Asks: 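This structure is in structure tokens; I'll ask about it shortly.
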Amino acid sequence: MSAITRDAASVITIEQAGQHDAQQVTLRGWLYNVRESGKLLFPIFRDGTGIIQGVCSQKEHPQAFEALRGLTQESSVIVTGIIRSEKRAPGGYEIGVTKVEIVQKVPESDPYPIQLKEHGVDFLLDRRHLWIRSPRQAAILRIRAEAIRAAREYMDGQGYTLTDAPVFTPAACEGTTTLFEVNYIDDQKAYLTQSGQLYVEATAMALGKVYTFGPTFRAEKSKTRRHLTEFWMLEPEAAYADLSDMMALGEGLVSHMVQSALKNRQRELETLKRDTAKLANVRPPFPRISYEEAIRILNEHGNSAKMGDDFGGDEETLLSSEYDRPVMVHRYPAAIKAFYMQPDPQRPDLALGFDMLAPEGYGEIIGGGQRVHDYDLLVKRLRENKLPEEAFQWYLDLRRYGSVPHAGFGLGLERTVAWICGTEHIREVIPFPRTIYRVYP
RNA sequence: UGGGGCGUGGUCCAACCGGUAGGACACCGCACUGUUAAUGCGGAUGGUGGUGGUUCGAAUCCACCCGCCCCAGCCA
């Protein structure tokens, strides 16, 4: 770096500009835009931490002026100047440019394709590697990073140990139609994981309270704003834990993620024009309603859902609109839930599971509950679901050797971040989204 | 996999009950010392997703194909 930053002491990032009022500093970044007004130029610089307006006078700094005049968008530049408080500048500060070093000029014959104008989704997604430079996309990615940091901070603080699950798996955990099959060594077949859950149950029996955090893959033909084929999931699991323990953990985790974003990424939420008043209430306790209560609420609002139905997008949106924070729906009918869900001893037709529904129509962000810990019952469920028992022998071992009641859940990172950011579509909250018809770039 | 919608210059759109494909932005030039996706004036480039059909004539009508978007199912 020293080759291009003679005086490292004065190099700052744009987000630090406010701490250097009236000082000479050097910024290293890219030219976001230039406005011309006679013998004054107003270049806008970005460096990944923010954007700042510059001012350059032809009369006072002719060399810098000539370097910037007509310079192409996204050319990389190192600029030196005086930071000053300026209420006419976006952000409240500007840099009076005295010196400009062009690191690479974007050629005029091949200009930066993304203009400061409206573009279609397909155009932008084809150029996702460049789109992420825009202030809005950069803000989203910073909020995503904060959500991950806060989630791990919370889990670690609750005594949970991170234990990673494999990406290659031998079989499905819930059916085979949505699995990505890959060629493994010597003509073996393997599948990309749909969930780390089965493995995290094993590590919970080894370490007590654990979680996984990693990518999961689903070859679902879903083409909605809530679906990706590759998404990240955080999955806690705890031995000797029950349904209510997991609902408490879920509300604590989600609250901490939201409150951390509000506290540490306020500027980015402003960039997104997110109505943060709607996030401020997201603190424990979250409402908990049973499936049967949920059906009653839906019916009172004219929805025709009846006992035994699973909830779709309409039902989720209607239910969540009743509350100012996420709502947890528990004890669904066992028939519509996964084979590993523990039945309610009071009501064996109900499963000790729960979903957490985010407000504002963002849908299910958590699904989980107690797992079947009885060997015979689990075998019965595997057979009922026509799952290959051989592939689940290791999973059955967990019920053979010191089985205990246990519970956990999966939190969908992108849905949670999409809700925090208030984005229209989930694909904006992951650096390089993978959807059913898109694997580029 | 169903239902609905959309493919027009580099980009975003208009023309679509058939009749000369147009605008804005971007780009280039000039003017402007406080601009806010700057503005004003001037200029050059460049397009109907593909194949076939109907017709004197197709961006427009028809068939098939390709691509994309939204919704549903499934799920996080």
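Below, chain A is the first sequence line, B the second, and so on; all start at residue 1. For the numbers below, each heavy atom of this structure counts, side chains included, while hydrogens, waters and symmetry mates do not. Quick caveat: nothing in here was measured; it's all calculated off a predicted structure.
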Asks: Distance criterion of 3.5 Å, no angle test: do you see the side chain of A/Gln53 paired donor-to-acceptor with the base of B/rU35?
Replies: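 Present.
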Asks: Which part of the nucleic acid does A/Glu94 contact within heavy-atom distance under 4.0 Å: base, sugar-phosphate only, or nothing?
Replies: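 Contact class for A/Glu94: base.
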Asks: Hey, does A/Tyr199 have a side-chain heavy atom less than 4.5 Å from the side chain of A/Asp164?
Replies: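 Counting from C-beta outward, A/Asp164 and A/Tyr199 never come under 4.5 Å.
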Asks: Taking only the side-chain heavy atoms of A/Thr224 (C-beta and beyond), determine which of B/rA72, B/rC75, B/rG34 contains the nearest atom.
Replies: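 From the listed options, B/rA72 comes nearest.
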Asks: Rounding to an integer number of Å, can you tell me how far A/Asp314 CG sits from B/rA72 P?
Replies: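 Value for this atom pair: 6 Å.
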Asks: For nucleotides B/rU60 and B/rU54, find the distance between their P atoms and express it as a whole number of Å.
Replies: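 Between the two P atoms, the distance is 15 Å.
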Asks: Rounded off to whole Å, could you give me the CD-to-C1' distance for the A/Glu36 and B/rA31 pair?
Replies: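 Result: 11 Å.
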Asks: Contact between A/Leu124 and A/Ile114 at the side-chain level, heavy atoms closer than 4.5 Å - yes or no?
Replies: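 Yes; the side chains approach each other to less than 4.5 Å.
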Asks: To the nearest angstrom, how far is A/Lys39 atom NZ from B/rC30 atom C1'?
Replies: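 It works out to 12 Å between those atoms.
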Asks: Is A/Arg127 positioned over the aromatic face of A/Trp131, cation under 6.0 angstrom from the ring centre and no more than 45 degrees off axis?
Replies: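 No, a cation-pi geometry is absent between A/Arg127 and A/Trp131.
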Asks: With P as the reference atom in both, quote the distance from B/rG73 to B/rA14 in angstrom, rounded to an integer.
Replies: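 Those two atoms are separated by 31 Å.
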Asks: For B/rC74, does either OP1 or OP2 sit under 4.0 Å from a side-chain N or O belonging to A/Arg218?
Replies: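 Indeed not, no polar side-chain atom of A/Arg218 lies that close.
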Asks: Any salt bridge linking A/Arg46 with A/Glu74? Criterion: basic side-chain nitrogen under 4.0 Å from a carboxylate oxygen.
Replies: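 Here A/Arg46 pairs with A/Glu74 in a salt bridge, since their nearest N and O are under 4.0 Å apart.
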Asks: What does A/Glu118 touch in the nucleic acid at a heavy-atom separation under 4.0 angstrom: a base, only the sugar-phosphate, or nothing?
Replies: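 A/Glu118: base contact, heavy atoms under 4.0 Å.
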Asks: Dump the intermediate steps for side chain to side chain donor-acceptor pair (under 3.5 Å) on A/Asp156 and A/Tyr211, then the final yes or no.
Replies: CA-CA 9 Å; A/Asp156 294 344; A/Tyr211 67 104; 2.7 Å; yes
Asks: If you measure from the C1' atom in B/rG43 to the same atom in B/rA26, how many Å do you get, rounded?
Replies: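 So the two C1' atoms sit 14 Å from each other.
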Asks: Classify the nucleic acid contact of A/Asp310 as base, sugar-phosphate or nothing, counting any heavy atom under 4.0 Å across all strands shown.
Replies: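 A/Asp310: backbone/sugar contact only, no base atoms under 4.0 Å.
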Asks: Taking only side-chain N and O atoms of A/His425, does any of them lie within less than 4.0 angstrom of OP1 or OP2 on B/rC70?
Replies: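 The answer is yes; a side-chain N or O of A/His425 sits under 4.0 Å from OP1 or OP2.
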Asks: So, do A/Met341 and A/Tyr332 sit near enough that their side-chain heavy atoms are less than 4.5 Å apart?
Replies: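 Contact flag for A/Met341/A/Tyr332 side chains = no.
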Asks: Can you measure A/Lys223 atom NZ to B/rC74 atom P for me and round it to whole angstrom units?
Replies: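 Result: 17 Å.
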Asks: On a whole-Å scale, what distance lies between the C1' atoms belonging to B/rA59 and B/rG50?
Replies: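 It comes out at 14 Å once rounded to the nearest Å.
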Asks: Measure CD/A/Glu108 against P/B/rA26 and give the value in whole Å, please.
Replies: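 Checked: the CD to P distance equals 15 Å.
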Asks: Give the rounded distance in Å between these two atoms: CZ of A/Phe311 and C1' of B/rG73.
Replies: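 Going from A/Phe311 (CZ) to B/rG73 (C1'), I get 16 Å.
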Asks: Taking B/rG34 as the reference, what is the distance to B/rC12 when you measure between their C1' atoms (whole Å, please)?
Replies: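 To the nearest whole Å, 30 Å.
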Asks: So if I apply the side chain to side chain contact (heavy atoms under 4.5 Å, CB included) rule between A/Ile365 and each of A/Leu413, A/Val417, A/Leu357, A/Val254, which one comes out positive?
Replies: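 For A/Ile365, the side chain to side chain contact (heavy atoms under 4.5 Å, CB included) check succeeds only for A/Val254.
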Asks: Tell me which residues in residues 228-236 of chain A lie within less than 4.0 Å of RNA chain B, going by non-hydrogen atoms.
Replies: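 Contacting residues: A/Leu228, A/Phe231, A/Met233.
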Asks: Can you measure A/Gln115 atom CD to B/rC13 atom P for me and round it to whole angstrom units?
Replies: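 It is 13 Å, rounded to the nearest whole Å.
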Asks: When the distance from CG of A/Leu179 to C1' of B/rC75 is rounded to whole Å, what number comes out?
Replies: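 Spelled out: CG on A/Leu179 to C1' on B/rC75 is 13 Å.
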Asks: What I want to find out is whether A/Glu428 reaches A/Arg136 closely enough, with some N-O distance under 4.0 Å, to be called a salt bridge.
Replies: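 So A/Glu428 pairs with A/Arg136 through a salt bridge.
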Asks: Pick base, sugar-phosphate or nothing for A/Arg226, based on heavy-atom distances below 4.0 Å to the nucleic acid.
Replies: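 Base, at least one base atom sits under 4.0 Å.
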Asks: Output yes when a side-chain donor or acceptor of A/Arg218 lies under 3.5 Å from a complementary backbone atom of A/Gln194, and no otherwise.
Replies: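 A pair under 3.5 Å: yes.
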Asks: Do NZ/NE/NH1/NH2 and the carboxylate oxygens of A/Glu146 and A/Arg149 come within less than 4.0 Å?
Replies: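 Between A/Arg149 and A/Glu146 there is a salt bridge, with a charged N closer than 4.0 Å to a carboxylate O.
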Asks: Using a strict cut-off of less than 4.0 Å between a Lys/Arg side-chain nitrogen and an Asp/Glu carboxylate oxygen, indicate whether A/Glu389 and A/Arg383 qualify as a salt bridge.
Replies: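 The answer is yes: the pair qualifies as a salt bridge.
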Asks: Can you see if the side chain of A/Arg427 gets near the phosphate of B/rC70 - specifically, an N or O under 4.0 Å from OP1 or OP2?
Replies: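 Yes, because at least one side-chain N or O of A/Arg427 sits under 4.0 Å from OP1 or OP2 of B/rC70.
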Asks: Given that both pair distances must be under 3.5 Å and the pair must be Watson-Crick or G-U, what runs of three or more consecutive pairs involve RNA chain B?
Replies: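 In RNA chain B, stems of three or more pairs: B:1-7 with B:66-72, B:10-13 with B:22-25, B:27-31 with B:39-43, B:49-53 with B:61-65.
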Asks: One thing to verify: whether A/Arg296 and A/Glu292 come together as a salt bridge, which I'm taking to mean a side-chain N less than 4.0 angstrom from a carboxylate O.
Replies: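 So A/Glu292 does not pair with A/Arg296 through a salt bridge.
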Asks: Which part of the nucleic acid, if any, lies within contact of A/Gly363, taking any heavy atom under 4.0 Å across all strands shown: a base, the sugar-phosphate backbone alone, or nothing?
Replies: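 Nothing, no heavy atom under 4.0 Å.
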Asks: Ignoring hydrogens and angles, answer whether the base of B/rC75 and the side-chain atoms of A/His227 contain a donor-acceptor pair closer than 3.5 Å.
Replies: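 Indeed, a donor on one side and an acceptor on the other fall under 3.5 Å apart.
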Asks: Looking at every strand, decide which applies to A/Gln58 at a 4.0 Å heavy-atom threshold: base, sugar-phosphate, or nothing.
Replies: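 Result for A/Gln58 = nothing.
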Asks: Which nucleotide in the list B/rU11, B/rU35, B/rC70 gets nearest to the side chain of A/Arg225?
Replies: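 It is B/rC70.
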Asks: Select base, sugar-phosphate, or nothing to describe what A/Glu414 touches, counting heavy atoms under 4.0 Å on all strands.
Replies: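 Contact class for A/Glu414: none.
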Asks: Quick one: on RNA chain B, does A/Lys59 or A/Leu411 contact a more 5' nucleotide (nearest heavy atom)?
Replies: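 First, find each residue's nearest nucleotide; the 5'-ward one identifies A/Lys59.
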Asks: What interatomic distance, in whole Å, is found between P of B/rG52 and the corresponding atom of B/rA44?
Replies: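 So the two P atoms sit 36 Å from each other.
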Asks: Could you tell me how far B/rG57 sits from B/rU20 if I compare only their P atoms? Round to whole Å.
Replies: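 It works out to 15 Å between them.
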Asks: For B/rU45 versus B/rG40, give the span between their P atoms, rounded off to a whole number of Å.
Replies: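 Rounded to whole Å, the distance is 23 Å.
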